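Being a predicted model, the structure only gives us computed values, none of them experimental. Both counts, for ligands and for their atoms, begin at 1 and track the order of listing.
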Amino acid sequence: MPELPEVESVIRGLRDDLIGRQLLGLECHWERTLQNCSPATFDERIQGRVVSKLSRRGKYIVIHTDQSALVIHLRMTGRLYLARAGEKLAADRWLRVSFLLDDGWQLRFSDLRKFGRIALVDDLPSHFAHLGPEPLSEDFDLKGWKRICKARKKSIKTLLLDQRIVAGIGNIYADEACFLAGINPARPANSLTDAEVSRLHRSIRDVLQYAIQYEGSSFQWYRKPDGSGGNLQEHFYVFNRANECCRSCTKAIVKIRHHGRGTHFCPHCQPI
Ligand SMILES: [Zn+2]
């Protein structure tokens, strides 16, 4: 599933082409992709709206207009890209919704597995009320993070994946951040020392920041709007590298199932 860096890269790939465009309506090929309105209502409510801004909250893409905002979650296989009206692209095989733009282009949403969702939202703060702080913002402060870790017996990996605790991290960057901090992902959060909690706080920001620079990881489905992939998968420390050599100590990376999620770590650099 695309995580914060992938979602951010999708937004960066669309921003210049979408800001200032007027929406003329939509064509819907799979109703359930539209989360909170019927296709007819959605179409009616976006007609004539002008895109003013694109932003991200956790793993959500937000396309702001002069009235409501479109809030998009890619889930497993969602892709957003631009195409000229009438133009056929490979990803159109799973086309679910097309937004028609005033310059003859379309913003298309393709989604093989059909889990992706697009909502029309008037009140963004309450729509996102369930989400924890943005890890790259000042809201994700070390003091608060320490308090959270001290109070939880759950594993640190479980905590990192909980969008209510911190928004935007998924399986890839949870494993990578734990490696960078030298912390075994299965350890109870409240067993971490102050130094470890600080190191992990720093690692979370570092891994997300350089993942954005690499435009995300494309080892699976994720593609940028221009159809090309990100590049971080070539540089993973532990994720998707079971039995390969640790880049730090050369011991073999281990993959376990932890609460149902594939979890990767180096047993030497990240002891239990
Ligand atoms: Zn190692």
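- Contacts of H235 classified as ring-ring contact (aromatic ring centres under 6.0 Å, His included), with partners at least two apart in sequence or in another chain: Y214.
- Within the structure, no pair that satisfies the ring-ring contact (aromatic ring centres under 6.0 Å, His included) test touches residues 146-166, not counting sequence neighbours.
- Contact check on D92 versus R108 returns a salt bridge, with a Lys/Arg side-chain nitrogen under 4.0 Å from an Asp/Glu carboxylate oxygen.
- The side-chain hydrogen bond (donor to acceptor under 3.5 Å, both in side chains) contacts involving residues 148-160 comprise K150-D194, S155-T158, S155-H258, K157-N171, K157-D175, K157-T263, where partners must be two or more places apart or lie in separate chains.
- Protein contacts to the Zn ion (ligand 1) involving N, O or S atoms at a distance below 2.8 Å are C246 SG, C249 SG, C266 SG, C269 SG.
- Residues D206 and R202 are paired through a salt bridge, judged by an N-O separation under 4.0 Å between the basic side chain and the carboxylate.
- A salt bridge does not link D141 with K143: none of the charged nitrogens is closer than 4.0 Å to a carboxylate oxygen.
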